[in-house]
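This report refers to the structure that appears directly beneath it.
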Protein chains: 2
Amino acid sequence: MKFSAQEEYGLRCLIQIGLKGSATIPEISRDEGLSEHHTAKLLSILRKERFLNSMRGHIGGYRLARAPEKIVVGEVLAALGGRLYDEEFCERHSGLLSTCAHSGSCAVKNLWSEVQAAVDHVVSHITLADLIENAQKEAELYKPRNGNLLSIPVASGT
Amino acid sequence: MKFSAQEEYGLRCLIQIGLKGSATIPEISRDEGLSEHHTAKLLSILRKERFLNSMRGHIGGYRLARAPEKIVVGEVLAALGGRLYDEEFCERHSGLLSTCAHSGSCAVKNLWSEVQAAVDHVVSHITLADLIENAQKEAELYKPRNGNLLSIPVASGT
DNA sequence: GACATTCATGACATAATCGTCATGATTCTT
DNA sequence: AAGAATCATGACGATTATGTCATGAATGTC
């Protein structure tokens with residue numbers, strides 16, 4: 001059971017755009033350490049799946065197609081990497097038997113459904129807004145302050 | 001996010017052996033609609049991972065290495081298809097950046113961990129015994145009775 | 001309208017997964 | 001000892017996922 005590379009990178013790009021409000025391919029590419037072409041392909045998918053809007057030209061770039069609170073992570077993952085278990089699953093894995101030996105329902109199918117449900121329960125309650133918030137907090141933690149790389153906490157009265 | 005073919009077929013083979021007590025490659029092959037070679041490879045993996053014992057020769061075949069109650073489905077899946085999220089994950093997916101831009105912890109990493117935890121919670125509480133029991137019940141439902149393929153329920157007073 | 005900047009897309013190369021195949025080793029029966 | 005049944009394993013080809021590349025199309029600036 002694995003995440004696909006597309007899920008990992010695609011989701012990261014989406015977070016990055018959420019953080020910045022809007023961004024271009026070269027920007028995202030730099031931020032995430034991916035090639036521009038690769039980034040372009042990922043963003044293209046996310047656009048086709050209606051998570052992003054794009055604009056060409058000088059002031060172009062990508063932005064979220066809707067508020068991050070409205071973007072459910074589960075849907076993003078499904079768009080990028082498909083679902084763990086779906087209707088086609090049994091057809092793809094029926095082996096040589098035309099009617100899968102475990103027709104209708106089978107022991108394994110039930111298991112897969114349970115796992116899928118558990119995953120869904122997590123990812124359908126998390127939105128892009130949550131991930132963005134999370135990322136912002138961590139940016140805080142790791143960001144050097146006062147231009148000082150050692151970032152000694154300075155009881156700052158800002 | 002996908003199950004691998006190896007997870008699907010491997011687990012099925014294991015269930016099949018659990019159902020029968022012991023079985024040979026040709027048997028499992030027939031039951032599951034896989035080629036004998038393919039079956040052999042899957043069983044070989046399960047043997048190396050200590051879920052099965054094998055015996056060669058005339059009365060040979062495979063049997064479970066321990067009671068099905070002691071075989072945790074989560075461990076079987078991990079052996080067949082790896083884990084969803086592990087330590088190496090971030091190294092594999094750090095892009096071109098030597099230190100992943102989201103060093104230490106990152107928004108996505110937290111998400112993956114949560115999903116992994118949810119999956120673990122399910123599969124670490126299910127044992128092979130559960131799947132076998134499940135399979136037995138379904139075999140009951142779908143099995144033709146009295147040798148009659150139409151299997152009309154015959155208010156049988158057996 | 002020429003140009004720079006940006007997104008769009010399909011073809012290709014590479015790598016990983018999946019399944020097949022040929023061959024060999026072990027065990028039991030006769 | 002010969003033969004039959006069984007497991008063992010590494011090499012290969014096919015398929016799929018991944019990432020690169022070349023080229024094209026849109027948009028704004030001068």
Side-chain angles (χ1 to χ4, degrees), chain A residues 1-13 17 20 22-30 32-65 79-82 88-89 92-97, chain B residues 1-13 17 20 22-30 32-65 79-82 88-89 92-97:
Chain A
M1 200 176 352
K2 291 285 182 189
F3 292 110
S4 71
Q6 198 162 282
E7 284 170 296
E8 166 79 12
Y9 296 135
L11 188 55
R12 280 196 194 176
C13 291
I17 293 173
K20 302 189 148 191
S22 89
T24 67
I25 289 173
E27 274 180 318
I28 306 280
S29 162
R30 248 178 285 116
E32 291 298 334
L34 306 174
S35 80
E36 294 196 8
H37 282 295
H38 191 190
T39 308
K41 183 173 265 187
L42 293 170
L43 296 185
S44 194
I45 293 168
L46 287 167
R47 177 185 137 271
K48 281 178 192 152
E49 298 285 345
R50 308 268 179 199
F51 297 110
L52 291 175
N53 288 331
S54 69
M55 271 278 293
R56 297 203 239 204
H58 230 204
I59 59 161
Y62 285 91
R63 25 180 86 251
L64 299 181
L80 288 167
E88 305 144 41
F89 187 88
R92 284 197 306 272
H93 291 96
S94 59
L96 299 173
L97 306 169
Chain B
M1 203 177 349
K2 290 285 183 190
F3 293 110
S4 70
Q6 199 162 280
E7 284 171 295
E8 166 79 11
Y9 295 136
L11 188 55
R12 279 196 195 176
C13 290
I17 293 173
K20 300 188 150 194
S22 89
T24 67
I25 289 173
E27 273 179 319
I28 306 280
S29 161
R30 248 178 283 117
E32 291 298 334
L34 306 173
S35 79
E36 295 196 7
H37 283 295
H38 191 190
T39 308
K41 183 172 265 186
L42 294 170
L43 296 185
S44 194
I45 294 167
L46 288 167
R47 177 184 137 271
K48 281 176 190 151
E49 298 284 346
R50 308 268 179 199
F51 297 111
L52 290 175
N53 289 332
S54 68
M55 272 276 294
R56 296 204 242 205
H58 230 202
I59 59 163
Y62 285 90
R63 24 180 86 251
L64 298 181
L80 288 167
E88 305 143 43
F89 188 89
R92 284 197 306 273
H93 292 95
S94 58
L96 300 174
L97 306 169

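The chains referred to below are lettered A, B, ... by the order of the sequence lines, with proteins before strands, and numbering in each begins at 1. These figures come from a predicted structure and were not determined experimentally.
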Using whole Å, report how far [atom1] of [X] lies from [atom2] of [N].
{"X": "R30(A)", "N": "dT6(C)", "atom1": "CZ", "atom2": "P", "value": "9 Å"}
{"X": "E36(B)", "N": "dC21(C)", "atom1": "CD", "atom2": "C1'", "value": "13 Å"}
{"X": "H38(A)", "N": "dT9(C)", "atom1": "NE2", "atom2": "P", "value": "17 Å"}
{"X": "I45(A)", "N": "dT9(C)", "atom1": "CD1", "atom2": "P", "value": "12 Å"}
{"X": "L80(A)", "N": "dG19(D)", "atom1": "CG", "atom2": "P", "value": "13 Å"}
{"X": "R63(B)", "N": "dT6(D)", "atom1": "CZ", "atom2": "P", "value": "14 Å"}
{"X": "K2(B)", "N": "dT16(D)", "atom1": "NZ", "atom2": "P", "value": "13 Å"}
{"X": "E8(B)", "N": "dG19(C)", "atom1": "CD", "atom2": "C1'", "value": "15 Å"}

Check this one for me: any side-chain N or O of [X] less than 4.0 Å away from OP1 or OP2 of [N]?
{"X": "S35(A)", "N": "dT20(D)", "result": "yes"}
{"X": "R47(B)", "N": "dA8(D)", "result": "yes"}
{"X": "Y9(A)", "N": "dA17(D)", "result": "no"}

Enumerate all atom pairs, one protein N or O and one N or O from nucleotides 10-16 of chain C, separated by less than 3.5 Å.
residue: dA11(C); atom: N6; partner: K41(A); partner atom: NZ; Å: 3.4

Considering all heavy atoms, the nearest [X]-[Y] contact:
{"X": "Y62(B)", "Y": "S44(B)", "answer": "OH-N, 4.2 Å"}
{"X": "A65(B)", "Y": "R50(B)", "answer": "CB-O, 3.5 Å"}
{"X": "T39(A)", "Y": "C13(A)", "answer": "CG2-SG, 4.5 Å"}

How many angstroms lie between atom [atom1] of [X] and atom [atom2] of [Y], to the nearest 0.5 angstrom?
{"X": "Q6(A)", "Y": "I45(A)", "atom1": "CD", "atom2": "CD1", "value": "3.5 Å"}
{"X": "I17(B)", "Y": "T24(B)", "atom1": "CD1", "atom2": "OG1", "value": "9.5 Å"}
{"X": "E32(B)", "Y": "E8(B)", "atom1": "CD", "atom2": "CD", "value": "8.5 Å"}

Summary of ring-ring contact (aromatic ring centres under 6.0 Å, His included) pairs that have at least one residue in residues 33-59 of chain B, sequence neighbours excluded: Y9(B)-H38(B)

What residues in residues 51-59 of chain A put a non-hydrogen atom under 4.0 Å from any atom of DNA chain D? M55(A), R56(A), G57(A), H58(A), I59(A)

Hey, are the side chains of L42(B) and L34(B) touching, using non-hydrogen atoms and a 4.5 Å cut-off? yes

Among all residues two or more places apart in sequence or in another chain, which pass the side chain to side chain donor-acceptor pair (under 3.5 Å) test with E7(A)? S4(A)

